[in-house]
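Structure, as structure tokens:
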Amino acid sequence: MPELPEAERARAAIEAGALHRRIAAVDDRDVYVSRPHAPGEIADALVGRELTSAHRRGKALWCETSEDGPILGLHLGMAGRIVIDEEPAPRNWDRFVLHFEDGGMLALRDKRRLGRARLEPDLDALGPDAADIGRAAFRTRVGRGSAPIKARLMDQAVIAGVGNLLADEILWQARLDPRRSAGELTDDELDRLRRAARAALRSAVRRGGAHTGDVIPARGPGAACPRCGVEMAKGRIGGRTTFWCPAEQR
DNA sequence: ACCTATGTTGATAC
DNA sequence: GGTATCAACATAGG
């Protein structure tokens with residue numbers, strides 16, 4: 001789930017429902033999710049403050065806090081989501097929780113525990129947001145290296161926000177073979193790729209998630225390309241399961 | 001029961 | 001430095 005669209009949805013939810021509410025308590029006991037902080041460290045830094053703004057770049061989320069408080073960084077990991085003013089989840093799935101003075105809450109709800117909460121997150125290593133990047137920057141950042149173009153697209157230091165599902169969707173829309181070396185793409189192909197990325201990201205944000213793409217249903221044994229009907233190819237690229245149309249994606 | 005799969009990232013080795 | 005592999009976690013399904 002969590003790729004750029006889910007992160008944007010979470011950001012908007014925080015902005016709409018969790019700002020300017022005084023924090024009365026923080027549950028940061030999950031030392032894995034709140035690493036490298038010790039239990040209580042985030043709580044000590046946040047109790048008595050409010051979240052004042054919610055930001056996102058790629059899949060990274062962060063909030064500013066009142067009275068020159070620290071930045072609170074949140075990452076949804078592989079299965080996390082942000083819930084606000086809901087009943088507590090079963091099985092301790094609320095891995096990090098802000099309890100507000102008004103009785104409400106904000107939680108990072110995450111079965112897998114691969115999400116993350118931390119103070120003063122390092123955002124410098126993150127590339128420009130995949131939905132915003134300009135044509136020239138896209139060409140120079142993405143169009144280099146010998147790694148497969150799919151791996152390059154998913155490298156968060158190159159551009160931020162594209163995960164496994166969206167990478168397949170974008171490459172399918174652009175009709176590019178995911179195995180090709182990034183550095184060997186022509187400028188025309190890179191422009192095509194960028195247009196496909198912007199369109200896919202915009203559409204996914206509007207439709208509410210990375211799972212809403214046109215080629216996502218074709219991720220399964222024996223599935224056919226939704227455009228031409230040829231059986232989709234399956235392989236492992238950049239360490240991730242990959243589906244592509246062997247007839248159209250060149 | 002056991003094996004595989006899964007949207008993430010980060011550490012490690014070549 | 002760039003690239004590839006594995007591990008972290010917990011759950012679902014064959």
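The chains referred to below are lettered A, B, ... by the order of the sequence lines, with proteins before strands, and numbering in each begins at 1.
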* Give the other cluster members for M105(A), using side-chain heavy-atom distances under 4.5 Å between Ile, Leu, Val, Met, Phe, Trp and Tyr residues; answer none if it is isolated. => V83(A), V97(A)
* Would you sketch DNA chain B in dot-bracket for me? Only Watson-Crick or G-U wobble pairs with both distances under 3.5 Å count, crossing pairs as [ ], other-strand pairs as |, the rest as dots. => .|||||.|||||||
* Asked: Which salt bridge (charged side-chain N to carboxylate O under 4.0 Å, His left out) pairs, counting each pair once, include a residue from residues 171-186 of chain A, with sequence neighbours left out?
  -> D177(A)-R179(A), R180(A)-E189(A)
* Asked: Partners of R21(A) by side chain to side chain contact (heavy atoms under 4.5 Å, CB included), sequence neighbours excluded?
  -> I84(A), D85(A), F100(A), D102(A)
* Structure fact -> Applying side chain to side chain contact (heavy atoms under 4.5 Å, CB included) to D124(A) and not counting sequence neighbours gives D122(A)
* Asked: What parts of residues 141-163 of chain A reach DNA chain B, counting only heavy atoms under 4.0 Å away?
  -> Q156(A), G163(A)
Nucleotide N/O to protein N/O under 3.5 Å, stretch nucleotides 9-11 of chain C:
from	atom 1	to	atom 2	distance (Å)
dC9(C)	O3'	R113(A)	NH1	3.3
dC9(C)	O2	R112(A)	NE	3.1
dA10(C)	OP1	R113(A)	NH1	2.7
dA10(C)	O4'	K111(A)	O	3.4
dA10(C)	O3'	K111(A)	O	3.3
dA10(C)	N3	R112(A)	NE	3.0
dT11(C)	OP1	W93(A)	NE1	2.9

Donor-acceptor pairs under 3.5 angstrom involving side-chain atoms of residues 221-238 of chain A: please list them, not counting sequence neighbours.
from	atom 1	to	atom 2	distance (Å)
R227(A)	NE	E248(A)	OE1	2.8
R227(A)	NH1	W172(A)	O	3.3
R227(A)	NH2	W172(A)	O	2.9
R227(A)	NH2	E248(A)	OE1	2.7
R236(A)	NH2	G239(A)	O	3.1

Under 3.5 Å, side-chain donor or acceptor atoms of residues 202-210 of chain A against the rest of the protein: list the pairs with distances, not counting sequence neighbours.
from	atom 1	to	atom 2	distance (Å)
S203(A)	OG	R207(A)	NH1	2.9
R207(A)	NH2	T212(A)	O	2.8

* Structure fact -> Those residues at least two apart in sequence (or on a different chain) that pass salt bridge (charged side-chain N to carboxylate O under 4.0 Å, His left out) with R195(A) are none
* To do: Using the side-chain hydrogen bond (donor to acceptor under 3.5 Å, both in side chains) rule, collect all pairs that involve residues 142-151 of chain A, keeping only residues at least two apart or in two chains.
  => K150(A)-N164(A), K150(A)-D168(A), K150(A)-T242(A)
* Who passes ring-ring contact (aromatic ring centres under 6.0 Å, His included) against W62(A), sequence neighbours left out? -> H55(A)
